[in-house]
There are 2 protein chains.
Amino acid sequence: MRNAGGVRVTIREVADRAGVSAATVSRVLNKPEMVDPDTKERVRSAMESLNFHPNAIARGLSSTHTHTIGLLVPAIQDFFFDELYFGIDKETRANGMKVLFFDAQHSRHRALEGFSFLRQHQVDGIIFTSQLVDEDYDAVIERLGIPVVLTLTESSGKFPIPSYKTDEVKAMFDSVSYLVSRGHRRIGFITGHMQEDSTGVLRTEGFKQGLAHYGIPYREAFTQRGDYRFDSGYAAMQRLLERQADNRLTAICCISDEMAIGAMHCLHDHGLRVPDDMSVMGFDDVRVARMVMPKLTTISQPFTEIGQHAVRAVLQMSQEPSLPYPTGVHYLPHHLVERASVRTVTVDAAD
Amino acid sequence: MRNAGGVRVTIREVADRAGVSAATVSRVLNKPEMVDPDTKERVRSAMESLNFHPNAIARGLSSTHTHTIGLLVPAIQDFFFDELYFGIDKETRANGMKVLFFDAQHSRHRALEGFSFLRQHQVDGIIFTSQLVDEDYDAVIERLGIPVVLTLTESSGKFPIPSYKTDEVKAMFDSVSYLVSRGHRRIGFITGHMQEDSTGVLRTEGFKQGLAHYGIPYREAFTQRGDYRFDSGYAAMQRLLERQADNRLTAICCISDEMAIGAMHCLHDHGLRVPDDMSVMGFDDVRVARMVMPKLTTISQPFTEIGQHAVRAVLQMSQEPSLPYPTGVHYLPHHLVERASVRTVTVDAAD
DNA sequence: TTGTATGCGTTATCAA
DNA sequence: TTGATAACGCATACAA
């Protein structure tokens with residue numbers, strides 16, 4: 001660090017000023033109980049007057065644990081991020097740890113860069129979130145040499161990376177069940193592009209299983225794809241509406257709240273009311289889901305809890321390496337939040 | 001770093017494997033042109049087979065600049081954050097820098113902690129955002145010894161910290177002007193608690209100036225306070241509605257989009273339509289402003305540009321310390337985004 | 001072109 | 001309880 005004049009102040013200068021050795025200064029920093037109260041006081045006031053802050057970089061060099069965990073996310077703009085972060089922050093804080101954050105901006109290249117960045121900053125472990133984690137990451141993660149935990153996603157590779165998330169297949173199945181229980185059988189589907197997108201694949205699988213369970217055939221004509229964001233939801237709905245004369249949809253099932261909201265806007269712009277003329281179902285239960293009108297009926301993911309679990313797993317892996325790793329996928333319970341965007345419909349006899 | 005077995009792989013082991021010295025390995029990393037092609041090749045394949053990645057921490061210890069800038073924000077949950085971050089990320093990236101992020105969760109104590117954390121990680125400078133930056137921060141920032149730049153806020157202290165933001169007084173004045181031009185004179189006001197909240201103070205000042213300019217008296221009875229978030233906007237509107245028989249408001253002016261949206265929901269729950277029965281005006285133009293119905297008319301802040309300017313300022317201050325600091329407040333232009341939540345009203349003769 | 005020696009700021013080990 | 005001294009992983013003068 002530097003004082004106001006720009007001169008670096010190190011532990012050694014504090015030591016000189018306090019008339020002790022560098023080791024002692026280090027001790028008042030890390031193991032204050034081991035040092036004499038008087039000297040401790042002298043050292044502290046020396047630090048104060050010299051305006052000294054320990055260099056975390058050098059610190060990480062000497063000691064193994066930095067008490068910092070890395071967080072690598074696809075994009076901070078994703079609406080779910082604030083809740084996930086809330087859980088992570090809460091839990092790290094409760095354990096006296098810090099979070100080092102890196103945003104990959106939906107780029108695989110930047111995700112790799114992120115691993116390297118976090119690694120180089122000597123984090124004790126990494127929490128990773130991405131739409132896709134395939135076998136290409138296996139080698140990267142394996143050779144990283146520090147614990148990695150997945151949230152909201154799972155790996156399709158062979159390396160058994162611990163993962164905390166909801167059972168998306170089941171969640172989407174439940175979503176369909178709900179719509180069917182409300183009388184819907186002609187259900188439009190707005191999903192992901194399915195490329196580099198395991199989330200989309202799983203949710204689509206759940207959607208299909210749901211339909212199959214109720215004896216409703218899955219139709220490509222009822223499906224449109226987007227990128228999880230508002231505009232793409234709007235556009236997908238637009239395309240669905242162009243075929244509406246044939247399709248005669250009564251409900252739209254979306255794999256993200258943001259696309260659901262986009263769809264609602266598109267419907268509105270075409271003079272269709274939600275849920276009177278068309279029901280809309282979301283997925284995620286992000287904070288905005290209850291800010292739109294009608295409030296969005298959706299599947300709630302326990303983002304905060306997922307974040308907390310992930311932190312605990314990383315801590316356990318890094319602090320108790322003797323314990324077996326919590327490998328594999330850990331499902332946390334989702335639940336359906338019934339609000340106002342889906343209505344009950346009388347079954348169309350023609351179907 | 002460690003390989004799969006958990007053993008650290010350093011530059012030295014690469015050197016051994018390649019049959020050269022550590023210095024040579026360091027050279028192929030930093031000045032490859034100085035190394036014989038053959039040795040270079042041997043070293044590279046040694047790095048490859050040992051799965052070696054340089055430790056940037058140790059690297060940063062030797063050199064001064066970490067090419068990382070610190071970002072200290074009040075709370076990641078704030079909806080404006082994603083756009084601000086977008087600008088910051090874009091600009092840092094363009095300059096080959098990284099961002100180290102810290103979330104203060106609206107706590108002054110944690111903000112102080114954040115300064116220390118970022119400082120200890122040797123960032124080249126810090127971008128700071130907070131609802132309040134008073135003279136108490138002067139000392140902290142001054143002795144930090146690295147450049148600090150403010151965004152979306154300004155300091156009330158004496159230390160001339162550079163600041164990038166919009167002119168909130170003027171922006172709120174414009175908001176009132178717009179409402180008045182639409183025929184509104186009985187305007188409700190949902191603002192902040194004004195304690196530890198310079199943003200609220202400035203926007204309230206702008207609101208009052210606006211009213212005064214049009215000869216409309218400011219009335220406490222038309223004002224309610226909240227914490228910028230959805231629920232508090234709802235509650236504030238609720239209280240306003242309780243006096244509506246006396247107040248006969250035709251429009252509500254809010255100092256944040258989120259509170260405006262909360263107010264809209266409250267109105268809806270009371271059977272009042274926006275904008276037919278009541279106009280609502282927001283502030284910020286966060287991404288959700290266009291996701292609600294009706295879409296929110298609001299004041300747009302150029303978050304992305306503000307982020308970019310802040311980064312440039314930090315870089316200039318840290319890389320060209322000889323140049324004068326860009327001290328003082330730099331206003332970036334706001335503009336009013338006319339959407340659908342405000343309607344024109346015929347002036348009430350009784351007013 | 002390459003190797004040796006030293007420093008960066010801190011922690012850890014071992015004596016005292 | 002404290003102090004020397006040796007790491008930690010890398011970069012860089014300086015020497016060869």
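Protein chains get the first letters and strands the later ones, always in sequence-line order, with residue 1 at the start of each. Scope of the values below: all heavy atoms of this structure, side chains included, with no hydrogens, waters or symmetry mates.
Contacts between residues 23-36 of chain A and DNA chain D, defined by a heavy-atom separation below 4.0 Å, involve A:Ala23, A:Thr24, A:Arg27, A:Met34, A:Val35, A:Asp36, listed by number.
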Kindly indicate, with the supporting measurements, whether the criterion salt bridge (Lys or Arg N to Asp or Glu O under 4.0 Å) is fulfilled by A:Asp136 and A:Arg108. CA-CA 10 Å; A:Asp136 292 359; A:Arg108 194 191 190 86; 3.0 Å; yes

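An OP1 or OP2 oxygen of C:dG9 is reached within less than 4.0 angstrom by no side-chain nitrogen or oxygen of A:Thr10.
Put simply, CD on B:Glu41 is 16 Å from P on C:dT1, counting in whole angstrom units. In this structure, B:Gln120 atom CD and C:dT11 atom C1' are separated by 15 Å, rounded to whole Å. Counting to the nearest Å, the P atom of D:dG9 and the CG atom of B:Asp16 are 13 Å from each other. Rounding to whole angstrom units, CD of residue B:Gln122 and C1' of C:dG9 are separated by 9 Å. Residue B:Ile11 contributes atom CD1, which lies 5 Å from atom C1' of D:dC10 at whole-angstrom precision. For the pair B:His67 NE2 and D:dA11 C1', the interatomic distance rounds to 13 Å; values are reported in whole Å. B:Phe52 has its CZ atom 8 Å from the C1' atom of D:dG9, to the nearest Å. Summarising the geometry, the separation between CZ on B:Arg12 and P on C:dT2 is reported as 18 Å, rounded to the nearest angstrom.
Annotation: the terminal axes of the helix from C:dT1-D:dA16 to C:dA16-D:dT1 meet at 40°, where each axis is the rotation carrying the C1' atoms of four end pairs onto the next four (5 pairs per end, rounded to 10°).
When each of A:Tyr164, A:Phe102, A:Phe115 is paired with A:Phe128, the ring-ring contact (aromatic ring centres under 6.0 Å, His included) condition holds for A:Phe115 and for no other.
In A:Arg93, the CZ atom is crowded: over 12 heavy atoms of neighbouring residues, nucleotides or ligands sit closer than 6.0 Å. A 6.0 Å sphere centred on CD of A:Glu33 holds more than 12 heavy atoms belonging to other residues, nucleotides or ligands.
The line from CD1 of B:Ile88 to CZ of B:Phe101 is 10.0 Å long, rounded to the nearest 0.5 Å. B:Gln77 contributes atom CD, which lies 8.0 Å from atom CG of A:Asp89 (distance to the nearest 0.5 angstrom). In this structure, CG on A:Asp82 lies 9.5 Å from CD1 on A:Ile76, to the nearest 0.5 angstrom.
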Please tabulate, for side-chain N and O atoms in residues 302-317 of chain A, each donor-acceptor pair with protein atoms closer than 3.5 Å (sequence neighbours left out).
from: A:Gln308; atom 1: NE2; to: A:Glu91; atom 2: OE1; distance (Å): 3.3
from: A:Arg312; atom 1: NE; to: A:Glu91; atom 2: OE2; distance (Å): 3.1

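Considering all non-hydrogen atoms of both residues, A:Asp138 and A:Lys158 come closest at OD2-N, 2.7 Å.
Closest to the side chain of B:Thr39, from the set C:dT2, D:dT2, C:dG3, is C:dT2.
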